[in-house]
Amino acid sequence: MTYADIIVDISHEKVDRSFQYKVPEELQHKLQVGMVVTIPFGNGNHERKGYVIGLSDTPAFDTSRMKELTGICSSEETTEERLIALAAWMKNQYGSTMVQALKTVLPVREKVKAKEKRYIILNVSEEEAEKIAGKLESGRCKARARLVRALLEEKKLDYTKASKEFGMTASVLRPLADEGIVQVVQDEVYRMTVDGANIPHEELSILTEPQQEAFDQIQEEWKADPPRPVLIHGVTGSGKTQVYMKLIRQVIDEGKQVIVLVPEIALTYQTVRRFYGWFGEKVSVLNSRLSAGERYDQFKRAKRGEIQIMVGPRSALFTPFSNLGLIIIDEEHEQSYKSENSPRYHARETALYRAQMENARLVLGSATPSLEAYTKAKDGEFRLVKLDARFEDRPLPKVSVVDLREELREGNRSVLSRSLRKAIENRLKCGEQAILFLNRRGYAGFVSCRSCGEVLKCPHCDVALTEHNNGRLVCHYCGYEQPRVEKCPVCGSPYIGGFKAGTQQIEQVLHKNFPKARILRMDYDTTRAKGSYEKILSSFAAHEADILVGTQMIVKGHDFPDVTLVGALAADLSLNAADYRCAERTFQLLTQAVGRSGRGTKPGEAIIQSYHPDHYSIQTAAAQDYEAFYQEEMAYRMLMDYPPAAHMLSVLVSGENEELLEQGMDYLAKFVERIASRYRIPVIGPAYAAVGKVNDIYRKVLYLKHRDERILQDIKDKTEKYIELNSGFRRLYIQFDYT
DNA sequence: AGCACGCCGACT
DNA sequence: GTCGGCGTGCTC
């Protein structure tokens, strides 16, 4: 006898777990994980749909009370099946529960609530209703009377609202409906996203020679069976988008569908408009502000075949297209492709799996590829396609690096170095624009010396120590702690402390230095209001300001043809983040920032100010030399066994009760250590997570590094079982993160 | 979500 | 006692 674990397709939190059913003899060979089946459910044995999420030979429930599933109902449901199989893969790969995985992959389960809004209306005249209400009140039916009264007031009552507001349950409503006093009606609710119909059609532009060459190389790869994923490494301003568009056109002409992933921050009106302009009604665009219901509507349109192209952030990856032909991931290196919630999936890896499963092609693109993708390209797992020339052969900007320590020695304490100030002055004179970029990544908490640039680091982890409120310096990787220092351990200078400089201060300095200049500021504060992000960008694009000051949000893919100067203030702030990826992120940010300069007809210039002018991430970014950066960074990752040289498993445990968390984490660490010691893998931690406490929930973390990912998977699986078996962990929230 | 079960107030 | 409304909890 085989048993099937099934999740019932009822959108309710309380049935959000699996139920086990017997599999009838004749279906034993046909049934597979991911199939949709019919099952009798509940006391009334109502027939319902369920998703098979697991099969086993041993029952996990009293077999005398176990029911039999009644049939397989997959005919055209194959899209869904594949998505469920994808969820099963994600569950294994990232160590989440199946329910969590299914929820990320199938927003379908929200449909009853989101799509069909149910209303209650009166089915009798008002006078009659009045009479009935009176009768109900004099009798014992207070809840029903309340409902009828409310209907007299409002005519049309929202079903969910009614049940919430005066605790109306089905047993209150049913008799009234049966007697024909009230009626439940369903309304299709139409939700519209950006209306693409009004945007005029645009022709795709003709590819330039290098773009055409890249396109041809991809065509060549696509002839192979199976084609490898393609990584387009194109310098900033090389026009990767044009290549994507041609590829999309080709794939939809084949009658297949396309998913385009873009980083959330790039989902601006400009991008959306361009897609609508080129492909009209064939496109739908998602963004994270859409409600689950709105997203469901768009997914439904995709399933029905009303659209061929879905553009959106990482969740768009799960669009239920029936004949998926291509997945494009733009700015593949972006952090936002990694989910913060369980399952903590990475869109790049998950897209790779989905593409393989559905015989779709995968194209990644970036000016600064992630080490993961570039390593695969180097190993021949991905096909590498280069786009080295900028559009119309415009030169890359001329970059110089300014040593801030030198400036301090010369008595300049301002945030602007002398050469940057002079450069700004020049731009203002010529009527050209400048962008000043303040790198604030990792700005919180680290301690550095103002005279020599030394940053205090953990002796065990090569990661910056973070200053806590209690004055101690703490390592978030291994838990190492030391007291605060009064002077720099290298040069002895007393000017050591946390680095503080915000966009606001810089704006003030600029006002003082250039009283006539028109300055725009863009950061978290000024973009909080809806639409202000677009407003600032379009105002700057229309040359209504001379200088734009901002955080990393200004460096992403905007085209300002009049910008001929980019200044990166304190470029290396992000180098000190408590994260092994900080050099990679610094390089990416600087390269993208520098790439904003000189995109028009006039040649551009960029100035990078740094306390570490010799650091390879700064040097290689200044030289716009990705390959050199890759070599250096990869050597470091190999040395330290960091991804992608090795794999990393982190176990994040959180809970409201700090003591309970400590205790649970201790037990867990002991268990993990025992398993890991069999493979001779050291366990790092437990330590407080980078953010040790969020909303009064404490978080601790364990790390394991190893080159063989199967070994880490094995440790993860064993740990998962251990957690399941021990009820002591019930009150803790445990997440796995797998890199 | 839908169904049974059990509590509790009202009425024969 | 008993009838029926209405909240609660379970569903393999």
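No experiment lies behind these values; they were computed from the predicted model shown. Letters go in sequence order (proteins before strands), and every chain restarts at 1.
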Item checked: Residues in contact with DNA chain C, drawn from residues 52-63 of chain A - heavy-atom cutoff 4.0 Å ->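 Going residue by residue through residues 52-63 of chain A, the ones with a heavy atom under 4.0 Å of DNA chain C turn out to be A:Phe61.
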Separation of [N] [atom2] from [X] [atom1] (nearest whole Å):
X       : N      : atom1 : atom2 : value
A:Glu68 : C:dC12 : CD    : C1'   : 13 Å
A:Phe41 : B:dA1  : CZ    : C1'   : 9 Å
A:Gln20 : C:dC12 : CD    : P     : 12 Å
A:Ile39 : C:dT11 : CD1   : P     : 13 Å
A:Arg48 : B:dG2  : CZ    : C1'   : 7 Å
A:Tyr21 : C:dC12 : OH    : C1'   : 5 Å
A:Ile7  : B:dA1  : CD1   : C1'   : 16 Å
A:Asn45 : B:dA4  : CG    : P     : 11 Å

Margin query: Quick check on side-chain hydrogen bond (donor to acceptor under 3.5 Å, both in side chains): which of A:Gln308, A:Glu306, A:Gln298 does A:Ser284 satisfy it with?
Written below: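 So, applying the side-chain hydrogen bond (donor to acceptor under 3.5 Å, both in side chains) to A:Ser284 and each of A:Gln308, A:Glu306, A:Gln298, only A:Gln298 qualifies.
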Notebook entry, point to check: Given C:dC12, B:dA1, B:dC3, which nucleotide is nearest the side-chain atoms of A:His46?
Noted result: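 Per side-chain heavy atoms of A:His46, the pick is B:dC3.
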Item checked: Side chain of A:Arg65 - closest among C:dT11, C:dC12, B:dG2 ->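 Of the candidates, C:dT11 comes closest.
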Check: Under 6.0 Å between the ring centres of A:Phe41 and A:Phe19?
Finding: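 Between A:Phe41 and A:Phe19, the centre distance is under 6.0 Å.
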Next item on the list: Taking the six-membered ring for Trp and the full ring for Phe, Tyr or His, determine whether the centres of A:Phe318 and A:Tyr345 are under 6.0 Å apart.
Entry: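 Aromatic pair counts; centres sit under 6.0 Å.
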Notebook entry, point to check: Would you call A:Lys718 and A:Asp714 a salt bridge, using N to O less than 4.0 angstrom?
Noted result: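 Yes.
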Item checked: Electrostatic pair A:Glu68-A:Lys22, nearest N-O below 4.0 angstrom ->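 Salt bridge flag = no for A:Lys22 with A:Glu68.
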Notebook entry, point to check: Just checking, A:Lys700 and A:Tyr688: is the charged tip under 6.0 Å from the six-membered ring centre and within 45° of the axis?
Noted result: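 Yes, a cation-pi geometry holds between A:Lys700 and A:Tyr688.
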